[in-house]
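The next block holds one structure in the form of structure tokens; read it before the comments.
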2 protein chains.
Amino acid sequence: MIVQEQDERSGGPDGEGGVRRPRVQKNVTRAIASDICADVFPIGGFLPTENELCLRYGVSRTVIRESLKILESKGLVRGRSRVGTVVCPKEEWNILDQQVLEWIGPRIFELDLLTCVLDARRAIEPFAAEFAAERATVQDVAEIERAWERMRDAAGDLEAFTQADVAFHAALLKASHNQIFMQLASIIQAALEFSLHASNEAAAACDEAVEIHKRLVEALRLRDKTAARECSLQMLDLAARDLAIAVKNHPAPSGA
Amino acid sequence: MIVQEQDERSGGPDGEGGVRRPRVQKNVTRAIASDICADVFPIGGFLPTENELCLRYGVSRTVIRESLKILESKGLVRGRSRVGTVVCPKEEWNILDQQVLEWIGPRIFELDLLTCVLDARRAIEPFAAEFAAERATVQDVAEIERAWERMRDAAGDLEAFTQADVAFHAALLKASHNQIFMQLASIIQAALEFSLHASNEAAAACDEAVEIHKRLVEALRLRDKTAARECSLQMLDLAARDLAIAVKNHPAPSGA
DNA sequence: GATATTTCATTCATCATACAAAGGCAATTG
DNA sequence: CAATTGCCTTTGTATGATGAATGAAATATC
């Protein structure tokens, strides 16, 4: 998988026109990461040598090395000096990292992450809702409500509805004013997107979801911690149902 | 701050003319990160140019660039092409990343992270304890109990006690078999270490802590979810007390 | 004189090359 | 056959050159 456009002015090496040098760092990093996730480079195995990677992706060793450094800093690989670079087991990956989640993409399903995230949401979101009821500013509530309006107006459009739902929950975590909760927004977002996409039959439940989300907004306005927590729990029950549908729709990971 | 040993052969082995090239990547990365945390490079400001950083840390641009790439991948800085590298606001730092927490070190206090972590623990640990009561293997419980024994035997030695306590909670999260909870072990660990260190007056409370931790182990053995949750909550009350003492001992961050 | 355009210097992004250091393997030697 | 030693491979670091893009200074235009 060559990441450059590859036209390199075959007429002659930088004779008069100069060599094209597009910005490829991000692409290369993503390409290697995707290949790792796609099992092109199997877990526990060695990556090709840096020089081989140069050829494979069509870039210089500088770019390859900086990409590997990024991947290493996120736990995907571990460079052993003069031996090679090995792919780390998935447990060591920083799955809370936004970029890592993007690289994993839909394969988040195969990592059994969705149930983990749902369990974690049950622990976190009711708390976050309580904190938000206590500490949310008017701006925070306004942002949450804007997301809710987008949910309401997205009737039928699952893509728009998903984006709005994601924005709603991210804004709620932000309104909790707890840095830890905020940082978890990325993984909740990833799980939510995939879960909703994979269960588009659940579109019928959107009305119900809109209603509950609305009640949460009102609870925040009234600074009613108990009601906020209660709404959050009900949302999670809906999310659990969506997830169950998504699991049913999806090819069983054990069968792979 | 030069990170090399700086003696450059002046009389040492490899006589004729070889240049010593120690492995400095990690040191340089940590040095830059520490300087950022120490406000040597203020938030929102520009880092020196790459060439200036080479001089300052005594390494080549290769090393500097790979270090910056790592820092960028963790949200500490953002490289803007041909303009410079700016230090990101703290909200964008990946504070859930183990390395970032190590770089922050005791300054975790100034980030108001400790209360956030305690709130997050209140949300997470009781849940994790329930899950552990359901799903912990005998090995999991054995590991937790080993940590408990180390706590019991560490009477008086606050350092050993802290390490054991950290190990206990990490093992508990691991026993929950939830990948999200497990990934949060690093930040809980960082907060716990600092909190206990800063409140060494609380040594008197160790006996009480040992007792509660023991009860949690027994609850896990009996697979008693309710008791496990209850123990976890009591531990957090103790942690809250320790934190309050630590805050009192510490110079007020607002005064800085 | 004020504004829009151009040029230029600065700085990052990439490439290419060279060498040092150290792990792994194999040949050598006892 | 076993232990040592030396070589080869591969990563780690250094260096210089060049492309590319941004911000600001200089210029041109109205």
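Chain A is the first sequence line, chain B the second, and so forth, proteins listed ahead of strands; every chain is numbered from 1.
Regarding contacts with the backbone of dC12(C), every side-chain N or O of Ser81(B) stays at 4.0 angstrom or more from both OP1 and OP2. Distances shown here put every side-chain N or O of Arg80(B) at or beyond 4.0 Å from the OP1 or OP2 atom of dA21(D).
Under the 3.5 Å distance criterion, with hydrogens and angles disregarded, a donor-acceptor pair is assigned to the side chains of His169(A) and Glu125(A). A donor atom on one side chain and an acceptor atom on the other are found under 3.5 Å apart for Thr137(A) and Asp140(A).
Counting non-hydrogen atoms of other residues, nucleotides and ligands closer than 6.0 Å to CZ of Arg78(B) gives a total of 12 or fewer.
As a whole-Å value, the separation of Tyr57(A) OH from dC15(C) P is 15 Å. The CD-P distance, from Glu50(B) to dT18(D), rounds to 18 Å in whole Å. Distance CD (Gln25(B)) to C1' (dT13(D)): 10 Å, rounded to an integer number of Å. Going from atom CG of Leu53(B) over to atom P of dT11(C) covers 12 Å, rounded to whole Å. Rounded to whole Å, the distance from NZ on Lys26(B) to C1' on dT13(D) is 16 Å.
Comparing Leu47(A) and Ser60(B), the nucleotide of DNA chain D nearest to each residue sits closer to the 5' end for Leu47(A).
Comment: Glu149(A) does not engage Arg152(A) in a salt bridge, judged by the lack of any side-chain N to carboxylate O separation of less than 4.0 angstrom.
Relative to the side chain of Val83(A), the nucleotides dT11(C), dG23(C), dC15(C) differ in distance, and dG23(C) lies closest.
Here Glu143(A) pairs with Arg146(A), Ala171(A), Lys174(A) under the side-chain contact (heavy atoms from CB on, under 4.5 Å) rule; sequence neighbours left out.
In this pair, Tyr57(B) and Phe41(B) present their aromatic rings perpendicular. The plane angle is above 60°, beyond the 30 to 60° band.
Near DNA chain C, meaning a heavy atom under 4.0 Å away, the residues from residues 61-77 of chain B are Arg61(B), Arg65(B).
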